[in-house]
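Just so you know, these numbers use all the heavy atoms, side chains as well, and skip hydrogens, waters and symmetry mates.
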Amino acid sequence: MSDQNMDDLLAQLNTKFESGSGVNSKAQKSSHPSSPPLSATSKPSMEQMLAELRADLESGRGRPSSAPKQAENFNNPDKTSVVNAARERDRLNALIDTDYRRQAHKREQKWAEIKRQAEAKIAEQKRQAAAEQAAAQRRQQELIELQQREELRNKRRKEALREDAKKWLDKLHPNSEEGRWFTEFSYSYENKLQAAIDYLEAMRETGL
């Protein structure tokens with residue numbers, strides 16, 4: 001209530017009270033001529049009541065009116081919405097950050113696994129290459145040893161043929177038919193021993 005309205009209300013109450021007091025005084029004089037006038041304490045009591053009413057109204061002025069409360073209540077949802085929106089934004093940012101970290105961790109694990117697999121594959125390829133190289137070296141060594149054994153066997157066989165050829169020449173009669181044939185056969189050789197070796201070798205190969 002405004003100050004003007006409150007003053008008007010007090011004025012109206014005061015007017016009604018004064019007019020009512022005058023009517024009551026006239027009525028009392030006409031009906032009871034011998035009755036004494038109203039005591040002086042009646043008016044101050046009413047004025048005291050008016051003063052108290054004024055004090056109550058004035059004390060009500062200091063209280064916050066309903067309109068500001070409604071305005072405050074009306075503005076509070078906006079502030080609450082802003083705070084809630086900020087909190088929701090922070091929560092979403094936190095979720096996004098957590099998801100990003102989780103995805104980054106997954107990517108790191110994936111790359112680590114890919115790297116591990118690649119390193120394992122390279123290690124396996126190296127192992128296979130080393131095994132193949134070792135196998136090739138073993139085969140080469142086996143071939144060398146086989147060749148050496150073959151050469152040794154041929155050497156021993158030739159030595160044996162040489163011994164047999166010497167014995168055969170010692171037993172050969174130059175004037176015999178075989179002796180004359182061998183003499184003609186050995187013309188193309190450096191010596192009769194080499195001719196005898198080839199002759200005996202050819203005889204063994206044919207099974208004679």
Side-chain angles (χ1 to χ4, degrees), residues 69-208:
K69 289 183 178 180
Q70 292 177 355
E72 184 179 358
N73 292 333
F74 180 76
N75 292 328
N76 283 337
D78 294 337
K79 294 180 180 179
T80 303
S81 299
V82 172
V83 173
N84 290 336
R87 290 178 178 175
E88 183 67 16
R89 184 173 60 254
D90 293 339
R91 187 181 68 84
L92 291 176
N93 289 334
L95 290 175
I96 292 172
D97 184 67
T98 301
D99 183 70
Y100 176 80
R101 293 178 183 274
R102 183 169 59 252
Q103 295 298 330
H105 182 65
K106 288 182 179 180
R107 286 193 297 270
E108 290 177 357
Q109 288 183 334
K110 184 177 180 180
W111 282 115
E113 180 64 19
I114 293 174
K115 183 179 179 181
R116 187 190 64 78
Q117 292 178 358
E119 291 176 351
K121 185 176 181 180
I122 292 173
E124 180 64 20
Q125 290 175 351
K126 289 181 179 180
R127 188 189 65 78
Q128 291 180 358
E132 291 176 357
Q133 184 177 2
Q137 290 177 351
R138 285 196 302 272
R139 287 194 297 270
Q140 185 178 2
Q141 184 66 27
E142 289 174 357
L143 290 174
I144 292 173
E145 292 176 356
L146 179 62
Q147 184 178 0
Q148 290 176 350
R149 287 195 297 270
E150 185 68 20
E151 291 176 354
L152 181 60
R153 185 166 52 251
N154 290 333
K155 183 178 180 181
R156 290 177 178 176
R157 184 174 58 82
K158 287 180 180 181
E159 289 177 354
L161 283 174
R162 182 182 293 272
E163 294 295 328
D164 292 341
K166 288 180 179 181
K167 292 178 181 180
W168 185 78
L169 287 174
D170 292 340
K171 294 178 180 180
L172 180 64
H173 295 283
N175 296 327
S176 66
E177 182 179 357
E178 187 178 15
R180 289 191 296 272
W181 175 88
F182 179 75
T183 300
E184 293 179 359
F185 174 76
S186 62
Y187 285 157
S188 59
Y189 288 87
E190 295 179 358
N191 52 58
K192 290 183 178 181
L193 179 59
Q194 187 62 40
I197 291 172
D198 289 344
Y199 174 68
L200 293 178
E201 186 175 9
M203 293 290 288
R204 289 180 180 179
E205 289 179 354
T206 57
L208 296 176

Problem set entry | Verdict with supporting geometry, K166 and R162, side-chain contact (heavy atoms from CB on, under 4.5 Å) | CA-CA 6 Å; K166 288 180 179 181; R162 182 182 293 272; 4.1 Å; yes
Exercise. Would you call the rings of Y199 and W168 parallel, tilted or perpendicular, where under 30° means parallel and over 60° means perpendicular?
Worked result: tilted
Exercise. If you count the non-hydrogen atoms of other residues, nucleotides and ligands that lie under 6.0 Å from CD in Q103, is the total more than 12?
Worked result: yes
For this session: Look at atom CD of E190 and say whether more than 12 heavy atoms of other residues, nucleotides or ligands are closer to it than 6.0 Å.
Result: no
For this session: Output all residues satisfying ring-ring contact (aromatic ring centres under 6.0 Å, His included) with Y189, sequence neighbours left out; order by chain, then residue number.
Result: F185
At what distance, to the nearest 0.5 angstrom, does [atom1] of [X] lie from [atom2] of [Y]?
X	Y	atom1	atom2	result
I144	R149	CD1	CZ	11.5 Å
T183	E178	OG1	CD	10.5 Å
E163	L200	CD	CG	12.0 Å
E119	Q117	CD	CD	11.0 Å
D164	M203	CG	CE	13.0 Å
E145	Q148	CD	CD	7.0 Å

Seminar exercise, completed: Partner of Q109 under side-chain hydrogen bond (donor to acceptor under 3.5 Å, both in side chains), picked from R107, K106, H105, is H105
For this session: Have a look at E124 and tell me which of K126, K121, Q128 forms a side-chain hydrogen bond (donor to acceptor under 3.5 Å, both in side chains) with it.
Result: Q128
Exercise. Hey, does E151 have a side-chain heavy atom less than 4.5 Å from the side chain of K155?
Worked result: no
For this session: Indicate yes or no: at least one non-hydrogen side-chain atom of L143 is less than 4.5 angstrom from one of Q140.
Result: no
For this session: Show the numbers, then the answer: is there a side-chain contact (heavy atoms from CB on, under 4.5 Å) between K192 and L172?
Result: CA-CA 11 Å; K192 290 183 178 181; L172 180 64; over 6 Å; no
Exercise. Under a 4.0 Å N-O cut-off, is there an ion pair linking R116 with E113?
Worked result: yes
Exercise. Thinking salt bridges, do D97 and R101 make one under a 4.0 Å N-O criterion?
Worked result: yes
For this session: Using modelled atom types only, decide if a donor and an acceptor are shared between the side chain of D99 and the backbone of L95 within a distance under 3.5 Å.
Result: no
Problem set entry | side-chain contact (heavy atoms from CB on, under 4.5 Å) assessment of E184 paired with R180 | CA-CA 7 Å; E184 293 179 359; R180 289 191 296 272; 5.7 Å; no
Exercise. Taking it one step at a time, do Q137 and Q141 satisfy side-chain contact (heavy atoms from CB on, under 4.5 Å)?
Worked result: CA-CA 6 Å; Q137 290 177 351; Q141 184 66 27; over 6 Å; no
Exercise. So R91 and E88, salt bridge (Lys or Arg N to Asp or Glu O under 4.0 Å) or not? Walk me through it.
Worked result: CA-CA 5 Å; R91 187 181 68 84; E88 183 67 16; 2.4 Å; yes
Seminar exercise, completed: For I197 and A165, the nearest pair of non-hydrogen atoms, with its separation, is CG1-CB, 3.6 Å
